[in-house]
Amino acid sequence: MSGNVQEEQVITSFSSIKEAQDVEAAPAPKPARPFTVAIISSIGYCAIIGCLIRIGSDYLFGQTLGKIEDSNTVVLVSTVANIIGSVIIGLLFYENKPSSSLYTGLATGMCGSITTYSKYNQQISMLFLGRSGSGGVPQVTALVAIVVGMLAFSASYHLGKDSSIIRDNIRFAKSSGSLQTRLSFLILAVFVILFSVLLGVFFETDEKLAKVCLAALFAPFGANLRYFLGKKVPKFSTKSFPALNLLPTGTLAANFLGSLLLALIHVLDKNLTQTCDRWIVVYALQTGFLACLTTVSTFMSEINGLRLKNVKAAYLYAGTTLVLCISIACLINGVGLAYGDSKIVANCSF
């Protein structure tokens, strides 16, 4: 009897060892690929949606609904759009972010394109340079606009994040299947064909609608470039200042690059003879490509994420972004506009 018990114990121990070996031998799950057709397509069509929401918001709150937004005041153009995008990115907050293409499209594509850092930065730089037409002391207006904007965007993000009842009812797939890949690509293709046809129809008849269509077509390129920079730009690595290693260098690079290019295009546009056709292209580059390349929503999400890890890193990230982007825009605009004179062509319906 005792021999049978010992034999069973030996068999059990060998079984345990075999199971442990099988677990160790099991291949580790492959990490989700960051660049797939589904993800790129989802970011693309969501960026078009986000870009159109921002354009509509700028029109409503800058021109029709009481003219709340103005480049000469502390409530800058696209402030409401930045608030909307920050609320939605907060609403989409998860401790463990889903890797599905739909979630990436909504967070990176749509929210990142509803909001724009480069446009906000350009207006701030023009205030600092005294070229905005603002009454009083424009530099003071610029400082107040920075404070008001950062507080409003951060509060909007937390408003969305705190809406847990809504967020907990949203479910995303863990990965993107073949059906989701085909669907994402199909939606993007339909959008591209639609706005390409509309661009051809409106290019000679309605410049306002033509520039919106071209901006929508440029939006996917800006948003996907931002996503690429977020994945590929290496982080800082220094032992002397550990807080620097926590900075999200991808978004920092995207916002800096977008702010630089927007200021450069603005200067070139003011220094060259303007035509209606070139006006459409410049607007599309600024509002479509560069506005979608930069983001306020992700910026706010990352700042608040850093606050939970290292408060010093959060303020360092916010300060570094503001100082670098505003400085480069002021430098380019200050030097470039000092030697340029805008030559506006009549008969453009802008």
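Each residue takes its place number in the sequence, starting with 1. No experiment lies behind these values; they were computed from the predicted model shown.
The same ILVMFWY cluster, assembled from side-chain heavy atoms under 4.5 Å apart, contains both Y120 and I303. One hydrophobic cluster, built from ILVMFWY side chains closer than 4.5 Å, holds both V212 and V201.
When atom types are taken as modelled, the side chain of S41 and the backbone of V37 share a donor-acceptor pair closer than 3.5 angstrom. Under the 3.5 Å distance criterion, the side-chain polar atoms of K270 are left unmatched by any main-chain donor or acceptor of L337. Proximity of a side-chain donor or acceptor of T115 to a complementary backbone N or O of V296 within less than 3.5 Å is detected. Side-chain atoms of Y315 do not come within 3.5 Å of backbone N or O of R307 as any donor-acceptor pair. Looking only at distances, no side-chain donor or acceptor of E69 sits under 3.5 Å from a matching main-chain atom of F61. With hydrogens and angles ignored, the 3.5 Å screen pairs a side-chain donor or acceptor of S42 with a backbone N or O of A38. Listed for the T73 side chain is a donor-acceptor partner under 3.5 Å among the backbone atoms of D70. Between the side chain of S78 and the main chain of A81, no donor-acceptor pair closer than 3.5 Å is present. The backbone N or O of P220 lies less than 3.5 Å from a partner atom in the side chain of N224, making a donor-acceptor pair. Of the possible donor and acceptor atoms, one in the side chain of T294 sits under 3.5 Å from a partner among the backbone N and O of Y117.
Between F299 and F153, the gap from one ring centroid to the other reaches at least 6.0 Å.
Note: F228 and F35 have tilted aromatic rings, judged against thresholds of 30 and 60 degrees for the angle between ring planes.
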Using atom types as modelled, flag every donor-acceptor pair under 3.5 Å from a side chain in residues 318-336 to any protein atom, sequence neighbours excluded.
{"from": "T320", "atom 1": "OG1", "to": "L316", "atom 2": "O", "distance (Å)": "2.6"}
{"from": "T321", "atom 1": "OG1", "to": "Y317", "atom 2": "O", "distance (Å)": "3.0"}
{"from": "S327", "atom 1": "OG", "to": "V323", "atom 2": "O", "distance (Å)": "2.5"}
{"from": "N333", "atom 1": "OD1", "to": "Q122", "atom 2": "NE2", "distance (Å)": "3.2"}
{"from": "N333", "atom 1": "ND2", "to": "Q122", "atom 2": "OE1", "distance (Å)": "3.1"}
{"from": "N333", "atom 1": "ND2", "to": "S125", "atom 2": "OG", "distance (Å)": "3.3"}
{"from": "N333", "atom 1": "ND2", "to": "A329", "atom 2": "O", "distance (Å)": "2.8"}

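S118 approaches L262 most closely through the heavy-atom pair O-CD2, 3.2 Å. I49 and M110 make their closest contact through CG2-SD, 4.2 Å (heavy atoms, listed as atom of the first residue, atom of the second, distance). Residues S240 and T238 share a closest heavy-atom pair of OG-OG1, 2.9 Å. Closest non-hydrogen pair, L293 versus A254, comes out as O-CB, 3.5 Å.
Judged purely by distance below 3.5 Å, without hydrogens or angles, the side chains of E302 and T251 pair a donor atom with an acceptor atom.
We find the CG-CG distance between D269 and L285 to be 10.0 Å, quoted to the nearest 0.5 Å. Note that OH of Y103 and OH of Y94 are 7.0 Å apart. Values are rounded to the nearest 0.5 Å.
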For the pair Q286 and V282, evaluate side-chain contact (heavy atoms from CB on, under 4.5 Å) and give the outcome as yes or no after the intermediate values.
CA-CA 6 Å; Q286 293 176 334; V282 168; 3.8 Å; yes

